[in-house]
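Shown next, in structure tokens, is the structure this report addresses.
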Amino acid sequence: DSLEEAVKSFQYRSGLHPDGIMGPAFFREINIPLKENIRKLIVNMERTRWVPASLSNQYLIINIPAFTLYVYDQDTLAFKMNVVVGKDIHKTVVFNGDLKYVVFSPYWNVPASIMKKEILPAIRKDPDYLKKHNMEWNGNMIRQKPGASNSLGLVKFLFPNSYNIYLHDSPAKSLFNEQSRAFSHGCIRLANPKRLAEFLLRKNPEWNEKKITAAMHRGREQYVTLSNPVPVYLAYLTAWIDNQGKLNFRNDIYNRDEALEEMLIRK
């Protein structure tokens, strides 16, 4: 029993499914040399210096290599959830902003790059492509109408930024059960967006659970402005101490550790 618990603890700290079974992924992680992990610690100690020294009482942190959103209230972890981040060719950017808007039943305004590379070629092959995917022309651009099949799901969360990155729901629920979750074009998909909406609007008497559910399924886009914007930090930490005091390691999914390591550590 004690061995099984130790295996589960190691799996948890390595971002593996904590089933207590010593499979190939377990042995791959446990055979990483101690020297490499020490170097990873040094790299991430430097990264933590980039985070503001004082944070507000309420904030969100997305750790990209951990594929996880952490929601803090009164500087205490309120809850966390699985997320999907950008694939290697569409890396999610590290920056911070202020979450200002919750958008229920959103349109998806197809980015120009996706329209050019994916949608327009599909239309040439199938003239009914837009109708089949609940899309329409909006001027010279294409957008997908609100609904359960919308690529943004039933709700999105905006923190205006020059990278056009935001948090949103997703109809592809099965991806949240994957161990490695780098599948998007750069935005962050949420496993449980309704819970985040309830948290952000919990002090607004106009928005109880029933009304939030109704707005998500109404099929008509609706913007809600937060009375107090919530800071959002997109971080890239491959090693950190969690709120239980446990040392965690994650894979360097975008291969960013090596360049920083070369600047910090003399070979």
Side-chain angles (χ1 to χ4, degrees), residues 1-48 51 60-72 76-94 167-193 195-196 233-261 265:
D1 290 347
S2 60
L3 175 59
E4 183 179 5
E5 287 305 311
V7 171
K8 288 181 178 178
S9 175
F10 179 83
Q11 290 172 321
Y12 168 81
R13 295 189 302 104
S14 302
L16 306 176
H17 179 58
D19 56 11
I21 299 173
M22 292 180 282
F26 171 85
F27 284 110
R28 183 176 61 250
E29 294 297 324
I30 207 167
N31 278 309
I32 293 175
L34 178 61
K35 185 176 182 179
E36 287 188 25
N37 281 335
I38 291 174
R39 289 177 176 270
K40 184 172 282 192
L41 282 172
I42 293 172
V43 165
N44 285 277
M45 288 171 67
E46 172 64 19
R47 286 190 176 121
T48 59
V51 179
L60 312 180
I61 294 179
I62 295 102
N63 188 6
I64 298 168
F67 311 108
T68 304
L69 163 67
Y70 302 89
V71 179
Y72 283 85
T76 299
L77 182 65
F79 60 91
K80 61 182 180 179
M81 72 177 70
N82 290 349
V83 303
V84 167
V85 301
K87 60 185 75 173
D88 190 51
I89 60 171
H90 299 292
K91 297 179 178 65
T92 299
V93 183
V94 174
L167 314 178
H168 65 88
D169 183 18
S170 171
K173 302 299 184 185
S174 62
L175 296 180
F176 295 107
N177 296 321
E178 298 291 331
Q179 181 179 305
S180 180
R181 297 186 290 276
F183 300 111
S184 81
H185 283 81
C187 288
I188 296 98
R189 306 176 192 171
L190 306 177
N192 192 352
R195 186 175 185 186
L196 180 59
Y233 300 91
L234 276 70
Y236 193 91
L237 296 174
T238 53
W240 73 95
I241 301 293
D242 64 21
N243 65 321
Q244 300 177 43
K246 292 185 176 182
L247 176 59
N248 284 249
F249 291 102
R250 293 295 187 273
N251 291 330
D252 179 16
I253 61 170
Y254 294 160
N255 297 313
R256 289 175 172 169
D257 282 0
E258 185 176 356
L260 185 54
E261 179 184 317
I265 304 171

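Just so it is clear, the values below take in all heavy atoms, side chains as well, and ignore hydrogens, waters and symmetry mates.
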>> Pair Met81, Phe176 - check side chain to side chain contact (heavy atoms under 4.5 Å, CB included), show working.
In response: CA-CA 9 Å; Met81 72 177 70; Phe176 295 107; over 6 Å; no
> Run the side chain to side chain contact (heavy atoms under 4.5 Å, CB included) check on Leu196 and Asn192 step by step: do they pass?
Replying inline: CA-CA 7 Å; Leu196 180 59; Asn192 192 352; over 6 Å; no
> After noting the C-alpha distance and the side-chain angles of Phe67 and Val84, does the key distance pass the side chain to side chain contact (heavy atoms under 4.5 Å, CB included) rule?
Replying inline: CA-CA 6 Å; Phe67 311 108; Val84 167; over 6 Å; no
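In terms of the ring-ring contact (aromatic ring centres under 6.0 Å, His included) criterion, residue partners of Phe10 (sequence neighbours excluded) are, by chain and number, Phe26. Every residue meeting the side chain to side chain contact (heavy atoms under 4.5 Å, CB included) condition with Ser9, not counting sequence neighbours, appears here in chain and number order: Arg13, Lys246. Residues satisfying the ring-ring contact (aromatic ring centres under 6.0 Å, His included) test with Tyr254, not counting sequence neighbours, are Tyr236. Applying the salt bridge (charged side-chain N to carboxylate O under 4.0 Å, His left out) test to Glu36 and every residue at least two apart in sequence or in another chain returns nothing. Partners of His90 according to the ring-ring contact (aromatic ring centres under 6.0 Å, His included) rule, which considers only residues two or more places apart in sequence or in another chain, are His185. Looking at residues two or more places apart in sequence or on another chain, you find a side chain to side chain donor-acceptor pair (under 3.5 Å) between Asn44 and Arg47, Thr238. Every salt bridge (charged side-chain N to carboxylate O under 4.0 Å, His left out) that Lys91 has, sequence neighbours left out, goes to Asp88. Contacts of Arg181 classified as salt bridge (charged side-chain N to carboxylate O under 4.0 Å, His left out), with partners at least two apart in sequence or in another chain: none. Every residue was checked against the ring-ring contact (aromatic ring centres under 6.0 Å, His included) condition with Tyr12, not counting sequence neighbours, and none meets it. With sequence neighbours left out, the side chain to side chain donor-acceptor pair (under 3.5 Å) criterion links Glu46 to Arg49, Trp50.
Counting all heavy atoms, side chain and backbone alike, Ala235 lies closest to Ile61 at CB-CG2, 4.5 Å. Taking both residues in full, the closest heavy atoms of Lys40 and Asn251 are given as NZ-CA, 4.5 Å, listed atom of the first, atom of the second, then distance. Nearest heavy-atom pair across Arg189 and Ser184 is NH2-CA, 3.6 Å. Shown here for Leu41 and Ala239, the closest heavy-atom pair between the two residues is CD2-CB, 4.1 Å. Looking at every heavy atom in both residues, Thr92 comes nearest to Ile64 through O-CD1, 3.6 Å. Contact record, Gly86 with Ala182: O-CB, 3.5 Å, taken as the closest heavy-atom pair.
Within the structure, salt bridge (charged side-chain N to carboxylate O under 4.0 Å, His left out) contacts touching residues 15-35 (residues at least two apart or in different chains) do not occur. Sorted by first and then second residue, the salt bridge (charged side-chain N to carboxylate O under 4.0 Å, His left out) pairs involving residues 169-180 (not counting sequence neighbours) are Asp169-Lys173.
Here the side chains of Trp240 and Leu247 are not in contact, with every heavy-atom distance at 4.5 Å or above. Side-chain contact check for Arg256 versus Asp252: some heavy-atom pair is nearer than 4.5 Å. Contact check for Ile253 versus Val85: side-chain heavy atoms found under the 4.5 Å cut-off. Counting only heavy atoms from C-beta outward, the side chains of Ile241 and Asn248 never approach each other to under 4.5 Å. You'll find the side chain of Thr48 reaches within 4.5 Å of the side chain of Leu237, heavy atoms only. Looking at Leu69 and Asn82, their side chains never come closer than 4.5 Å, going by heavy atoms from C-beta outward. The shortest side-chain heavy-atom distance between Arg39 and Ile265 falls under the 4.5 Å cut-off. Side-chain contact between Asn37 and Phe249 is present, with heavy atoms from C-beta onward closer than 4.5 Å.
Considering CG of Leu167 and CG of Leu190, their distance stands at 5.0 Å, rounded to 0.5 Å. A distance of 11.5 Å separates CG of Asp242 from CG of Asn63, quoted to the nearest 0.5 Å. Taking CZ from Arg195 and NZ from Lys80, the interatomic distance works out to 11.5 Å, rounded to the nearest 0.5 Å.
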